[in-house]
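Take this structure first; my questions come after.
Order of the sequence lines sets the chain letters (A, B, ...), proteins ahead of strands, with each chain counted from 1. Everything numeric here is computed off the predicted structure, so don't read it as measured data.
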Amino acid sequence: MQFTTDFFLRDTAEVARELLGHYLARETSEGLIKGIIVETEAYLSSSDPACHASRGQTKRNATMFGPPGKAYVYFIYGNHYCFNVVTGLEGKGEAVLLRAVQPVTGEDLMLKYRGNNCSEANLTSGPGKLCQAFAIDKSFDGHDLGDKPLYLLENKSAGKIGAIKATPRIGLSVGKEKMLRYIVEGNKYLSR
DNA sequence: GTTAAGATCTGCT
DNA sequence: GCAGATCTTAACG
């Protein structure tokens, strides 16, 4: 069962929290990769200096201003991709960053894409790592997350995954004080 | 045309 | 625990 547009049309912070426990799936020519989302961050358009959209629409962040339920992928620090889900009304410019997932299917493929011999807990515990393990790159910018080969799946047991906690966001120089990062407390695969 | 900063990760100390 | 790698984007001249 996949998500409908309505799910992403609600308050961005709420979507960020409710995505926890659901699946992110990726189909490659070599097989299926699947993980449970355990860490997200909300980026709001209004009064959120940390959000790319806060300084107006540009070529880079145009996807954020598009219709919800799409992937917003951007390149950062010369080495890493970050994967977001666009939320809110079209034109608003809000998104949820997926920071970490718990591997469920295709760990061998994740290992292969990550290259290095890393521990299981190190496979997807961070935005850049997650994108590497799922072989996500800029070509997925604007991709509809209801479509293969990259999509979100509803998990009926999402609520049982554990206690959900809000914390300050990670890695920002501004907007740190906002409690917009949502984690599954105590999960082994959190970025930190 | 040039420059500075960025939603990070890895390796070394 | 900390600095370096590495490159795209946006702002400025």
query = In whole Å, what is the span from the CD1 atom of A/Ile170 to the P atom of B/dG6?
reply =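 Between P of B/dG6 and CD1 of A/Ile170: 16 Å.
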request  = State plainly whether the residues A/Glu27 and A/Lys148 are in salt-bridge range, i.e. N to O under 4.0 Å.
outcome  =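 Counted as a salt bridge, because a side-chain N and a carboxylate O are separated by less than 4.0 Å.
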key: Gap between atoms OH and C1', on A/Tyr182 and B/dA7 respectively (whole Å)   = 16 Å
ask   = Given B/dA7, B/dT10, C/dA10, which nucleotide is nearest the side-chain atoms of A/Asn84?
value = B/dA7
ask   = Are the side chain of A/Asn187 and the backbone N or O of A/Val38 linked by a donor-acceptor pair below 3.5 Å?
value = no
ask   = In whole angstrom, what separates A/Leu172's CG from B/dA5's C1'?
value =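 Going from CG in A/Leu172 over to C1' in B/dA5 covers 14 Å.
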task = Report the distance from atom CG of A/Leu97 to atom C1' of B/dA7, rounded to the nearest whole Å.
result = 6 Å
query = How is A/Ser173 classified with respect to the nucleic acid when contacts are heavy atoms under 4.0 Å: base, sugar-phosphate, or nothing?
reply =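 It contacts sugar-phosphate atoms only.
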query = Nearest-Å distance, CD (A/Gln132) to P (B/dT10)?
reply = 7 Å
message = Distance check needed: C/dT8 P versus A/Asn61 CG, whole Å only.
response =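 Taking atom P of C/dT8 as the reference, CG of A/Asn61 is at 18 Å.
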Donor + acceptor pair across side chains of A/His52, A/Tyr72 (<3.5 Å) =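 A/His52 vs A/Tyr72: donor-acceptor pair found between side chains.
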inquiry  = Could you check whether any side-chain heavy atom of A/Arg99 comes within less than 4.5 Å of a side-chain heavy atom of A/Thr40, counting everything from C-beta outward?
reply    = no
Neighbours of DNA chain C within residues 69-83 of chain A, by heavy-atom distance under 4.0 Å =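 DNA chain C contact set from residues 69-83 of chain A: A/Phe75, A/Tyr77, A/Gly78, A/Asn79.
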task = Select base, sugar-phosphate, or nothing to describe what A/Arg192 touches, counting heavy atoms under 4.0 Å on all strands.
result = nothing
query = Counting side-chain heavy atoms from C-beta on, which of C/dT9, B/dA7, B/dT10 comes nearest to A/Lys129?
reply =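 That would be B/dT10.
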inquiry  = Given A/Val86, which partner from the list A/Val15, A/Thr63, A/Val96 fulfils the side chain to side chain contact (heavy atoms under 4.5 Å, CB included) test?
reply    =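 Exactly one candidate clears the test, A/Thr63.
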query = Taking a pair as Watson-Crick or G-U wobble with both distances under 3.5 Å, which nucleotide is matched to B/dA7?
reply =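 Partner of B/dA7: none found under 3.5 Å.
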Presence of A/Arg99 side-chain N/O under 4.0 Å of B/dT8 phosphate oxygens OP1/OP2 = yes
inquiry  = For C/dT6, give the paired nucleotide (Watson-Crick: N1-N3 plus N6-O4 or O6-N4; G-U: N1-O2 and O6-N3; both under 3.5 Å), or none.
reply    = none
task = With A/Arg10 as the cation and A/Phe7 as the aromatic partner, state whether NZ or CZ is under 6.0 Å from the six-membered ring centre and within 45° of the axis.
result =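 Yes - A/Arg10 lies over the ring of A/Phe7, closer than 6.0 Å to its centre and within 45° of its axis.
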Report all interatomic pairs (protein N or O, nucleotide N or O of nucleotides 11-13 of chain C) with separations under 3.5 Å.
none

query = Start at the 5' end of DNA chain B and walk down; is the nucleotide closest to A/Asn122 or to A/His52 reached first?
reply = A/His52
message = Is it the case that the side chain of A/Ser191 and the backbone of A/Gly126 share a donor-acceptor pair, with hydrogens and angles ignored and the cut-off at 3.5 Å?
response = no
N/O donor-acceptor pair under 3.5 Å between A/Thr87 side chain and A/Pro68 backbone =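 No; zero donor-acceptor contacts below 3.5 Å.
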message = Between A/Thr124 (side chain only) and A/Val101 (backbone N and O only), is there a donor and an acceptor less than 3.5 Å apart?
response = yes
ask   = Does A/Tyr43 offer a backbone N or O that forms a donor-acceptor pair with the side chain of A/Asn84 under 3.5 Å?
value =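 Not confirmed, A/Asn84 side chain does not pair with A/Tyr43 backbone.
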inquiry  = So A/Lys176, base contact, sugar-phosphate only, or nothing? Heavy-atom distance under 4.0 Å.
reply    =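 Contact class for A/Lys176: none.
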message = Just the rounded figure in Å: distance from C1' of C/dT9 to CE of A/Met64.
response =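 A/Met64 atom CE is separated from C/dT9 atom C1' by 15 Å.
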ask   = Within this structure, what is the NZ-to-C1' distance between A/Lys138 and C/dT8, rounded to whole angstrom?
value =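 Roughly 9 Å, once rounded to whole Å.
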